[in-house]
There are 2 protein chains.
Amino acid sequence: MSVAVENFIKAIYKNDKQENDTSTGNIAKKLGISNAAVTDMAKKLASRDLLFYEKYQSLELTEKGSKMALNVVRKHRLWEALLYKLFDMSLHEIHREAELLEHQTSDFLANKISSYLGNPKFDPHGDPIPNEHGDITTDDNSIPLSKTQAGKSYIISRLMSDDKEFFDFCALHGLKYGNRIMVTNQFQNNKMTQISINYNTILLNEDFTNIIYVNEIN
Amino acid sequence: MSVAVENFIKAIYKNDKQENDTSTGNIAKKLGISNAAVTDMAKKLASRDLLFYEKYQSLELTEKGSKMALNVVRKHRLWEALLYKLFDMSLHEIHREAELLEHQTSDFLANKISSYLGNPKFDPHGDPIPNEHGDITTDDNSIPLSKTQAGKSYIISRLMSDDKEFFDFCALHGLKYGNRIMVTNQFQNNKMTQISINYNTILLNEDFTNIIYVNEIN
DNA sequence: ATAATTTTTTAAGCTAACTTAAATTTTATT
DNA sequence: AATAAAATTTAAGTTAGCTTAAAAAATTAT
């Protein structure tokens with residue numbers, strides 16, 4: 001399968017998981033290509049049974065398409081986990097490299113990486129790593145920081161972003177997968193969240209508290 | 001630079017190092033594409049200052065082209081070294097994977113891999129790994145097994161091949177980079193070489209003794 | 001409900017990297 | 001040296017993956 005097809009399928013998969021507006025325009029924006037190119041590709045992939053396509057309707061992956069997306073996502077996240085473990089690289093850097101490597105990785109090599117890492121279920125962002133059959137572990141107890149309560153302690157379970165600025169901010173303040181924080185205050189109907197981490201207090205706004213997920217410590 | 005261009009440049013570089021017949025036909029055969037495609041590409045790359053091209057003449061890389069080839073070769077061999085170290089993979093398997101990964105590796109990541117491995121000068125085949133400036137270490141004492149003398153001991157310094165059968169044979173008999181062997185006999189003007197390794201005696205013909213390089217132990 | 005706006009599709013065209021077939025040049029043979 | 005054979009180039013054509021511009025459909029606003 002070509003890089004273009006894999007990225008196309010992946011974009012639909014990821015979009016679907018989050019926003020639920022899998023319109024051609026939206027996918028075009030994500031991929032940085034024209035709407036016309038998306039329509040074209042959608043038709044081709046529909047004929048290959050990778051997605052359902054009806055004129056003017058939003059795109060949806062078939063079972064086969066989903067499997068393919070999960071396979072690419074698996075490789076992406078395994079690479080992130082490997083690079084993070086071996087080298088001194090930031091969350092943004094591992095993402096950038098994985099974005100390319102994911103398309104040039106045999107299933108054989110993916111399994112080697114996975115087994116070397118002890119078949120991890122999550123990558124360094126806290127994103128779940130599908131297994132080789134496409135099964136994915138969901139952490140149902142995970143909630144965004146914006147939904148937490150003042151006075152409670154949590155473990156960071158996911159940093160859901162691709163953005164360098166965000167990752168730089170996280171690295172600077174120790175906001176890292178697995179780290180412990182305490183929510184000290186919620187302001188303005190949870191639009192602002194004050195947390196304590198490593199003996200420091202920081203104030204986060206919605207933009208960040210919606211993409212930082214945590215698990216309550218009990 | 002595209003994968004096609006990188007592979008093209010690399011093929012010329014490698015061909016030049018060995019056979020010295022860098023004709024369009026030869027490159028076409030190596031790359032598995034038509035002669036016409038090679039002529040086409042040669043013209044394009046000449047206009048990009050990556051190689052010298054004169055109708056009906058053999059191809060030659062410019063300084064810029066050589067640098068590019070060395071950069072790809074560097075990434076290839078670093079990947080081989082990393083995969084070999086981390087995972088239980090054969091020489092043929094690491095080559096196969098590196099063949100794809102080499103084109104999707106930033107200089108930044110290549111340097112990370114290199115430094116993780118302690119900036120090795122040779123990969124698991126004994127092939128030299130260029131440094132980030134394109135400098136390459138040549139082992140001048142290295143000679144093919146076909147040029148060795150009966151009764152002397154040697155260290156295997158290079159297995160110069162891409163061939164699975166050959167690598168399988170080597171793995172089976174312990175013919176591995178860094179391993180010690182003793183040449184017990186040379187027959188028929190060095191067309192057949194008998195060696196002793198791991199208390200076993202094996203007989204090798206020219207096909208193999210020309211691509212297995214060794215260093216004399218003194 | 002109709003008009004205005006936005007989104008999506010269609011149509012036509014481009015480029016990289018190939019192909020095959022024919023023409024040309026080089027190399028080998030006698 | 002002439003000719004046959006082999007290698008190389010030229011010419012024309014293909015496909016994937018894009019583009020822009022226009023036409024058509026869907027959505028939104030009044």
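Just the heavy atoms: all of them, side chains too, but no hydrogens, waters or symmetry mates, feed the values below. Labels below follow one simple rule: chain letters A, B, ... track the order of the sequence lines, proteins then strands, and each chain is numbered from 1.
Near-neighbour residues of DNA chain C inside residues 30-40 of chain A, defined by a heavy atom below 4.0 Å, number-ordered: A:N35, A:A36, A:T39.
Residues satisfying the salt bridge (Lys or Arg N to Asp or Glu O under 4.0 Å) test with B:E206, not counting sequence neighbours, are B:K191. Partners of B:D107 under the salt bridge (Lys or Arg N to Asp or Glu O under 4.0 Å) rule, at least two apart in sequence or in another chain, are B:K75.
Taking a cutoff of 4.0 Å between a charged side-chain nitrogen and a carboxylate oxygen, A:E102 and A:R74 do not qualify as a salt bridge. Under 4.0 Å is where a charged nitrogen must lie from a carboxylate oxygen, and between A:D168 and A:K164 at least one such pair does. With respect to the salt-bridge test (charged N to carboxylate O, under 4.0 angstrom), the residues B:K10 and B:E99 qualify.
Contact annotation: the side chain of B:P124 approaches that of B:L91 to within less than 4.5 Å [non-hydrogen atoms, C-beta and beyond]. Using a 4.5 Å heavy-atom cutoff, the side chains of B:Y213 and B:M160 are in contact.
Of the candidates B:D123, B:D139, B:D127, B:R158 forms a salt bridge (Lys or Arg N to Asp or Glu O under 4.0 Å) with just one, namely B:D127.
In summary, contact between chain B and DNA chain C, defined as any nucleotide atom under 4.0 Å from a heavy atom of the protein, begins and ends at C:dA16 to C:dT26 in the 5' to 3' direction. Of all nucleotides in DNA chain D having an atom under 4.0 Å from a heavy atom of chain A, the first and last in 5' to 3' order are D:dA16 to D:dA26.
Counting non-hydrogen atoms under 4.0 angstrom, A:F8 reaches nothing in the nucleic acid. Within 4.0 Å (heavy atoms only), B:K43 reaches sugar-phosphate atoms of the nucleic acid but no base atom.
Across the helix from C:dA1-D:dT30 to C:dT30-D:dA1, the helix axis at one end is tilted relative to the axis at the other end by 10° (nearest 10 degrees, each axis from five pairs).
Taking the six-membered ring where the residue is Trp, the centroids of A:H95 and A:F167 are separated by 6.0 Å or more.
Ring orientation note: the planes of B:F122 and B:Y177 are tilted relative to one another, at an angle of 30° to 60°.
With 3.5 Å as the limit, one finds a donor-acceptor pair spanning the side chains of B:D21 and B:S23. A:S146 and A:N210 are linked by a side-chain donor-acceptor pair at a separation below 3.5 angstrom, with hydrogens and angles left out of the test.
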(Q) Test side chain to side chain contact (heavy atoms under 4.5 Å, CB included) on A:L109 and B:L83; report intermediate values, then the result. (A) CA-CA 9 Å; A:L109 179 56; B:L83 299 182; 4.0 Å; yes

